[in-house]
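First the structure, in the form of structure tokens, and then the observations on it.
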Amino acid sequence: MLCVRYYLQYQDVPRGAVAAADPQQDAGQNPGTAPAPAKVKTEKELEKERKKAEKQAMYEKKKAAKAEAATAAAKNPKEKEKAKKAEVEVLPPYVEDTPEGEKKRLKPFDDPYYSSYHPVAVESAWYSWWEKEGYFKPQFTPEGNVKPEGKFVIVVPPPNVTGALQ
């Protein structure tokens, strides 16, 4: 408030305008002035305050529950571990229904194994199908030699270049 007074002093604003801005601070300097009457609040303002108070009460309730849970967990850490283990869904052993050597039968995403990635369920029948199709065998020419055009190459990206070369 001192900064406002200093600013207003050089702006030719009457002293009463500064006093209206902060009646509590000015009350000590002008003991003869009476405090301003309290403003009557509208229904909207009262409703807003009520909602704000309800929100604050809910926040305090959640905060207290969280603090209570933290103290309970601090007293007995084994209970916390048990609660975590209970939350994890235990899936039954996976049973593959695709016949050996055939292309994998896909299941809908409603299946618990397909709700997230489970390697056992996703990759179970592919390898035997790849072997049956001959993906791991080399291709031969009529003379019995390996075809030269059947090479597999992976291009390695260049190393990161820094400094003056960029």
Side-chain angles (χ1 to χ4, degrees), residues 1-4 7 21-25 36 38-166:
M1 190 65 198
L2 186 61
C3 294
V4 173
Y7 175 76
D22 189 8
Q24 291 176 346
Q25 191 176 26
K39 181 183 170 191
V40 178
K41 295 183 179 180
T42 64
E43 285 184 37
K44 260 189 175 178
E45 290 173 330
L46 292 171
E47 181 68 18
K48 200 175 195 181
E49 283 184 6
R50 186 187 60 77
K51 285 182 180 179
K52 188 175 180 181
E54 285 177 1
K55 234 181 196 182
Q56 184 67 23
M58 290 295 288
Y59 172 73
E60 294 297 331
K61 186 178 176 183
K62 283 183 182 179
K63 192 175 176 183
K66 205 179 242 187
E68 185 179 313
T71 56
K75 290 178 182 176
N76 196 353
K78 290 182 181 179
E79 285 183 19
K80 187 176 182 182
E81 290 175 18
K82 286 180 185 178
K84 280 186 180 179
K85 287 180 182 178
E87 290 175 8
V88 176
E89 182 181 340
V90 178
L91 297 174
Y94 183 74
V95 178
E96 180 59 56
D97 63 344
T98 306
E100 188 72 26
E102 289 190 21
K103 195 169 186 178
K104 179 157 179 71
R105 293 180 185 166
L106 299 178
K107 295 181 182 177
F109 289 118
D110 297 341
D111 190 305
Y113 278 101
Y114 291 95
S115 62
S116 62
Y117 179 71
H118 295 282
V120 172
V122 175
E123 302 174 7
S124 61
W126 287 113
Y127 196 81
S128 62
W129 182 70
W130 292 336
E131 285 180 332
K132 180 185 167 209
E133 293 294 314
Y135 288 124
F136 301 117
K137 295 178 183 173
Q139 296 178 354
F140 295 102
T141 61
E143 295 85 37
N145 297 330
V146 177
K147 286 186 177 179
E149 66 269 4
K151 294 181 182 176
F152 180 75
V153 179
I154 297 177
V155 178
V156 178
N160 290 337
V161 180
T162 59
L165 296 177
Q166 288 186 359

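All residue numbers in this chain count up from 1 along the given sequence.
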Checklist entry - Has F136 got more than 12 heavy atoms of other residues, nucleotides or ligands less than 6.0 Å from its CZ? => result yes

Checklist entry - Does Y135 offer a backbone N or O that forms a donor-acceptor pair with the side chain of E133 under 3.5 Å? => result no

Checklist entry - Just how far is it from atom OG1 of T98 to atom NZ of K104, taken to the nearest 0.5 Å? => result 5.0 Å

Next on the checklist: Please determine whether side-chain contact (heavy atoms from CB on, under 4.5 Å) holds for the pair E49 and E45, giving the CA-CA distance in whole Å, both sets of side-chain angles, and the decisive distance to 0.1 Å.
Outcome noted: CA-CA 6 Å; E49 283 184 6; E45 290 173 330; 5.5 Å; no

Item to check | Heavy atoms of other groups near E60 CD, more than 12 under 6.0 Å | outcome: yes

Checklist entry - So do the side chains of F140 and N145 get within less than 4.5 Å of each other, counting heavy atoms only? => result no

Checklist entry - For G101 and S128, which heavy atoms make the closest approach, and how far apart are they? => result N-OG, 3.4 Å

Checklist entry - Given side chains that start at C-beta, do those of E100 and W129 come closer than 4.5 Å, heavy atoms only? => result no

Checklist entry - Roughly how far, to the nearest 0.5 Å, is the CG atom of L91 from the NE2 atom of H118? => result 5.0 Å

Checklist entry - Does atom CD of E68 have more than 12 heavy-atom neighbours from other groups under 6.0 Å away? => result no

Next on the checklist: If I take atom CG from residue D111 and atom CG from residue L106, how far apart are they, to the nearest 0.5 angstrom?
Outcome noted: 11.5 Å

Checklist entry - K66 versus K63: any side-chain heavy-atom pair under 4.5 Å? => result no

Checklist entry - Would you say the side chain of R50 lies within less than 4.5 Å of the side chain of E54, judging by non-hydrogen atoms? => result yes

Checklist entry - Near K48 NZ, under 6.0 Å, is it more than 12 heavy atoms from other residues, nucleotides or ligands? => result no

